[in-house]
Number of protein chains: 2
Amino acid sequence: MMPQTASAPPPPGAIDGIFRALSDPTRRDVVERLSLKPASVSELAASYKMAMPSLLEHLKVLEGCGLVHSEKKGRVRTYQLAADRLKVAEDWLGAQRRLWERRLDQMDAYLLKLKKEGLK
Amino acid sequence: MMPQTASAPPPPGAIDGIFRALSDPTRRDVVERLSLKPASVSELAASYKMAMPSLLEHLKVLEGCGLVHSEKKGRVRTYQLAADRLKVAEDWLGAQRRLWERRLDQMDAYLLKLKKEGLK
DNA sequence: AGAATACTTAGGTCAATACCTAAGTATTTA
DNA sequence: TAAATACTTAGGTATTGACCTAAGTATTCT
């Protein structure tokens, strides 16, 4: 059982859905819970005060963008996290932050140069 | 000019807005552009085929959740990235992924133990 | 001053979201 | 097999989101 190293190729536009899914506090909370251990629909539903069909809708959104998987055995459906999708979002954010940091460094260097030249 | 080291404390519920903001491709594109260099409203608007008020609305969303700042000088408003907010989202994602990975490791260890015991 | 520029505000449409209640269907359990 | 369990589907409401066009306001250029 390989601890998934490579991310699945992010289908174009998939990142929209991932960020969208994570913008809702209930869905983020579900992701947090599932990052600890898998859970059934009713176990999850017990934690929130909304009606089950509402929670179910959230679960569908999470599964739709690939953040979680589910499997039904008998009458119980169990959900679990699919970590590689979290990584898609994290990678995007990291890339932007790195670009930004590089830019700050360049600006620092530029200001330093200006300062030196100013001293002549 | 300090290259912001510490993130601003994420106001409760702010993370909703950050993920929400990043779920739109136009807004993500604006963030990418601004991570390279600041730009005015019309410079930004020139890149997208939507009407200016529509783009402006996107910019307000980005500024509303703190992902960008803007300043008006004369009749030109210039936008720039505020990197610490990207970090808020990135940190959350990283934390979830780390929890998940820890769980996978535990599961590996457990399976390994089962396997060994099976060999007795 | 008058025209051009760079946003800004107002207001309107249409689709998607987040909920809900009520009524299924499929699987155990008694 | 009847009742309980664990979802599922249907259908309805109210809000929010992403666009648009048209009509401002504030600055700068001529």
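Since the structure is predicted, the reported quantities are computational estimates derived from the model, not experimental observations. Side chains included, hydrogens not; waters and symmetry mates left out as well; all remaining heavy atoms used.
- For the atom pair CD of E101(A) and CG of L86(B), the computed distance is 10.0 Å after rounding to the nearest 0.5 Å.
- Distance CG (L56(A)) to P (dA18(C)): 14 Å, rounded to an integer number of Å.
- E71(A) and T78(A) share no donor-acceptor pair across their side chains, judged by distance under 3.5 Å alone.
- Looking at K60(A), Q80(A), E63(A) one by one, the single match for side-chain hydrogen bond (donor to acceptor under 3.5 Å, both in side chains) with S70(A) turns out to be E63(A).
- For the pair L62(A) CG and dT17(C) P, the computed distance is 13 Å after rounding to whole Å.
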Self-check item: Pair E90(B)-R97(A), salt bridge (Lys or Arg N to Asp or Glu O under 4.0 Å): steps then yes or no
Solution: CA-CA 9 Å; E90(B) 197 184 355; R97(A) 196 170 45 70; 2.4 Å; yes
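- S54(A) has no side-chain polar atom (N or O) that falls below the 4.0 Å cut-off from OP1 or OP2 of dA18(C).
- Of the listed nucleotides (dT9(C), dC7(C), dT21(C)), dT21(C) has the atom at the smallest distance from the side chain of A51(A).
- Side-chain polar atoms of S35(B) and R103(A) form no donor-acceptor pair below 3.5 angstrom.
- If you check the side chains of W92(A) and E32(B), you find a donor sitting under 3.5 Å from an acceptor.
- Separating the CG atom of L55(A) from the C1' atom of dT21(C) is a distance of 16 Å, rounded to the nearest angstrom.
- The shortest distance between side-chain heavy atoms of L67(A) and V61(A) does not fall below 4.5 Å.
- For DNA chain C, the neighbouring residues in residues 32-46 of chain B, judged by any heavy atom under 4.0 Å, are S40(B), V41(B), S42(B).
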Tabulated below should be each protein N or O lying under 3.5 Å from an N or O of nucleotides 24-30 of chain C; please produce it.
unit_1, atom_1, unit_2, atom_2, d
dT27(C), O2, R75(A), NH1, 3.2

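- Checking dT9(D), dT8(C), dT9(C) against every side-chain atom of K60(A), the shortest atom distance belongs to dT9(D).
- Looking at R28(A) and D16(B), a side-chain N of the basic residue comes within less than 4.0 Å of a carboxylate O on the acidic one, giving a salt bridge.
- Spacing between atom CZ of R77(B) and atom C1' of dT9(C) amounts to 13 Å, rounded to whole angstrom units.
- Taking 4.5 Å as the limit, every side-chain heavy atom of R20(A) sits out of range of all side-chain heavy atoms of C65(A).
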Under 3.5 Å, which N/O atoms of the protein pair with N/O atoms of nucleotides 14-18 of chain D?
unit_1, atom_1, unit_2, atom_2, d
dG17(D), O3', R20(B), NH2, 3.0
dA18(D), OP1, R27(B), NH2, 3.2
dA18(D), OP2, R27(B), NH1, 3.2

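- Rounded to a whole Å, the NZ atom of K49(A) is 9 Å from the P atom of dC19(C).
- Between the side chains of S40(A) and R77(A), no donor-acceptor pair of N or O atoms lies under 3.5 Å.
- Looking at H58(B) and V30(B), their side chains never come closer than 4.5 Å, going by heavy atoms from C-beta outward.
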